[in-house]
Amino acid sequence: MNPTDVPGLPPGVPEFLVDSGIEALYPPQAAAVDAGVTEGDSLVASVPTASGKTLVAELAMLSSVHRGGTALYVVPLRALASEKKAEFERWADFDVEVGISTGNYESSEEWLSSRDIVVATSEKVDSLVRNGAPWIDDLTCVVADEVHLVDDPNRGPTLEVTLAKLRRINPDLQVVALSATVDNADEVADWLDAELVKSDWRPVDLRTGVHYGDAITFDDGSQREVPVGRGERPTAALVDDALDDGGSSLVFVNSRRNAEAAARRQADVTDRHLTDDERDELAALADEVASVSETETSEDLAAVVEKGAAFHHAGLSAEHRSLVEDAFRDRLLKAICATPTLAAGVNTPSRRVIVRDWRRYDGEFGGMKPLDVLEVHQMFGRAGRPGLDPYGEAVLLAKDHDTMDELFDRYVHADPEPVGSKLAREPAMRTHLLATVASGFARTREGLLDFLDRTLYAAQSEETARLESVVDSVIEYLVANDFVERNGDEITATNLGHTVSRLYLDPMSAAEIVDGLRDADDPTPLGLYHLVCRTPDMYQLYLKSGDRETYTELCYERETELLGRVPSEFEDVRFEEWLSALKTAKLLEDWASEVDEDRITERYGVGPGDLRGKVDTAEWLLGAAERLAVELELDSVVAVREAKKRVEDGVREELLDLTGVRSVGRKRARRLFEAGVESRSDLREAEKSVVLGALRGRERTAERILENAGRQDPSMDDVSAAETAVDDGDDGGKGETGRSGGAGADQQASLGDFE
DNA sequence: TGATTGGTCGTATAGACAGCATGTC
DNA sequence: CTATACGACCAATCA
């Protein structure tokens, strides 16, 4: 089928497709068109990664827009949202405008409602529905990307419920669900009243196999010799072998530490294959990587990047990740060693994929648990770059013959697991039942059950008894915590319940916060950080060896600051969790006390990405706590707001006025303060030479800051920097800056003890 | 003698959405 | 209750 044969597209689009090299549709794409995706019919496409799913979605959305509608593209990750938005912007010439809406970035409200295509995460869509965004009612087409994630215990139910709500709001809505190949795609299609297109077709040949001894054995029985030298590791031999053919490698391992260690070893291999030009480019890239942050992670990454390899995991900052991903896509980096993040994230295809570790530690399982077939197949799916590689290879590693047989059975010749709804789990129910009541989708127990009948859970499950019993116990919980009220049969959300639903909080988090704040007289930042850290919406840090003692001690030392009653050290299982929350809270307190980033990452054994993540979540939760305090007219509002501002800017109290000035962050604010410029008004009146000195003689920066502070004459012409007492950043590892009295001083004492 | 190999022991274990209102060094 | 790999350390072995 040719693009010109596709009905329903805006004029010019088929020709545009042909011009951009798409002369014939891939078979699954043609099947989707035959099933009516461009004529408003719903569809489930269960096809391999990189087999042209995105074009199917684009055809559906373009045709829907052409008929005068608007489309929504739902993704599981923020990074994917920006990737897709950029991709869809190629339709700008056809008057199709694209907007984006995620937690950290959003096109403005009225602008968004004028878009033809909006890209958003499933949580954001859920939140938009809860907050009654008007344009949601006018949608004509929704695309759900990676719909197999309904199986995810944490986030799957959100996708499931959101799709159910969108369909209820608009019964004529066209739903296009894109899925990896799963066993029971037909059930998903039944649920969505959609046609099913199922295919194994791939544009680039994929060969999967197992390496054992000195060769890879592929699924078709063929072999490729890849001898492993004496003392050499199989992974290194495979990376080397791929490079001999001019191909890159993507290695999946099961822990961050392994990713970093393996990347160091691979770097020695990739280093041997570099041209002089590549070496220059890599040196520049390494500099860029190193300058992202002054942390060990940054240095370690730069050290391997220089040799053409990299590691990739969630401890990296967003900048690190995109630098690595882009350079790998540009074929500058020859090998990446990654945790499973990469398999689910943005598009990073590679000639060869090596799944080195196929088991991962799982605390609940109590040991090393084999990865799901679906997960491994997702990794396999990264092999082969369309248009660049003649074929892709995915290889598992076996160290003995039995393992080889097992891997063939378990992964190479196996079908992926069926996906199943996780909606009946209580944490998911808590959030979604409250939201369903609060946004008026149901007003009674029966109404709730009726709504739930539209979900995948109901479509998959014969008996509803389990669902009913979870619903009942969750209603009890919501009533007991004053989120909903019962009047006879009717269930309505209280004001508090409405607020919690709109804030997108887990009701259990809200209950914890409300309890803690009610108990609080004059809460300290640490007390508030601990409060939000022990909610289920915050992932806590692990306790490492020795941490138990450290934080038990800290817990007693600062017991008066902690909100609520400390669980008993000896009787209560919650004590452990209380300590992890304390460790996490302490990290936030360090951050809000201007401890350097590298100091924090080292002290808590986390990466810069984790630090950002914790700070981000704390910001969100403290913002929510502030709103709750306002709602309940509690005295702690001011204390919460200040604690929030301090994590947001990463500074002590006395710098908050300065960091309120645009382009002044934690570093510059501290330098200015130390030079005697202590507030926004000081900035307007201070001696210019002092300001310039504090800013290390950066004239442009100084001018910008003075201007932002509202100074009349910001010009730095003819001003020379004054000497300042501030030491110059290279502070010999002493992260804690600032000793000036006020609120900071009493905290300083315990900080010292903590070392 | 120094380099390489081989054993034990201790230790640590993937990921990341959301409100609101704007912007680091 | 459940596993495994890595790195650090130290001892044994070989050129």
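In the text below, chain A, chain B and the rest are named by the order of the sequence lines, each starting its count at 1.
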Quick tally for nucleotides 17-25 of chain B: nucleotides whose base has a protein heavy atom under 4.0 Å get B, sugar-phosphate-only ones S, the rest -, giving BBBS-BSSB
Straight-line distance of A:R668 CZ to A:R698 CZ, nearest 0.5 Å: 8.5 Å
Take atom CH2 of A:W358 and atom C1' of B:dA14, then tell me their distance rounded to the nearest Å. 18 Å
Test your reading of the model: is there a side-chain donor-acceptor pair from A:D362 to the backbone of A:K369, 3.5 Å cut-off? no
Side-chain N,O (A:R257) to OP1/OP2 (C:dG7) below 4.0 Å: no
Provide, to the nearest angstrom, the distance between the CD atom belonging to A:E260 and the P atom belonging to C:dG7. 11 Å
Salt-bridge present (A:D126, A:K165; N to O < 4.0 Å): yes
With rounding to whole Å, what would you report as the distance between C:dT2 and B:dT13 at their C1' atoms? 15 Å
Interatomic distance where CE belongs to A:M368 and P belongs to B:dT13 [whole Å]: 12 Å
Within the distance-only criterion (no hydrogens, no angle test), does the side chain of A:K583 pair as donor or acceptor with the backbone N or O of A:Y542 below 3.5 angstrom? yes
Base, sugar-phosphate alone, or nothing: which one does A:R359 contact when heavy atoms must sit under 4.0 Å apart? sugar-phosphate
Rounded off to whole Å, could you give me the CG-to-P distance for the A:L611 and B:dA16 pair? 16 Å
Let's test your reading of the pairing rules: Watson-Crick or G-U wobble, both distances under 3.5 Å, then write DNA chain C as a dot-bracket string with ( ), [ ], | and dots. ..|||||||||||||
In whole Å, I'd like the distance from the NE2 atom of A:H313 to the C1' atom of B:dA12. 14 Å
Sugar-phosphate atoms are those with a prime plus P, OP1 and OP2; base atoms are the rest. Using that split, label each nucleotide of nucleotides 3-9 of chain B B, S or - for protein heavy atoms under 4.0 Å, 5' to 3'. --S----
Should B:dA16 form a Watson-Crick or G-U wobble pair with both distances under 3.5 Å, which nucleotide is its partner? none
May I have the distance from A:F252 (atom CZ) to B:dG15 (atom P), rounded to whole angstrom? 12 Å
Atom pair CG/OG1 of A:L77 and A:T102 - distance to nearest 0.5 Å: 11.0 Å
If you measure from the C1' atom in B:dA14 to the same atom in C:dA5, how many Å do you get, rounded? 16 Å
Assess whether a salt bridge exists between A:E426 and A:R430, defined as any Lys/Arg side-chain N lying under 4.0 Å from an Asp/Glu carboxylate O. no
Okay, side chain of A:R666, backbone of A:G650: is any donor-acceptor separation there less than 3.5 Å? yes
Under 4.0 angstrom, heavy atoms only, what part of the nucleic acid is A:N254 near: base, sugar-phosphate, or nothing? sugar-phosphate
Would you please confirm or rule out a distance under 4.0 Å between OP1 or OP2 of B:dA16 and any side-chain N or O of A:R321? yes
Round to a whole Å and report the spacing from NZ of A:K583 to C1' of B:dA12. 11 Å
Separation of C:dT4 atom P from A:F365 atom CZ, nearest Å, is 10 Å
Write down the partner of B:dT22 under the Watson-Crick or G-U wobble criteria, each distance required to be under 3.5 Å. none
Return yes if some donor-acceptor pair links the side-chain N/O of A:S421 with the main-chain N/O of A:P157 below 3.5 Å, else return no. no
Without swapping roles, check the side chain of A:R130 against the backbone of A:S501 for a donor-acceptor pair under 3.5 Å. yes
So, the side chain of A:N254 versus the backbone of A:R359: is there a donor-acceptor pair under 3.5 Å, distance only? yes
Any donor and acceptor pair, going by atom type alone, linking the side chain of A:D372 with main-chain N or O of A:E375 inside 3.5 Å? no
Between B:dC17 and C:dT4, how far apart are the C1' atoms? Round to whole Å, please. 31 Å
Okay, side chain of A:E512, backbone of A:R534: is any donor-acceptor separation there less than 3.5 Å? no
Using atom types as modelled and distance alone, determine if a side-chain donor or acceptor of A:H498 lies under 3.5 Å from a backbone N or O of A:S439. no
Starting from the 5' end of DNA chain C, give me the residue, A:G363 or A:R356, whose nearest nucleotide shows up first. A:G363
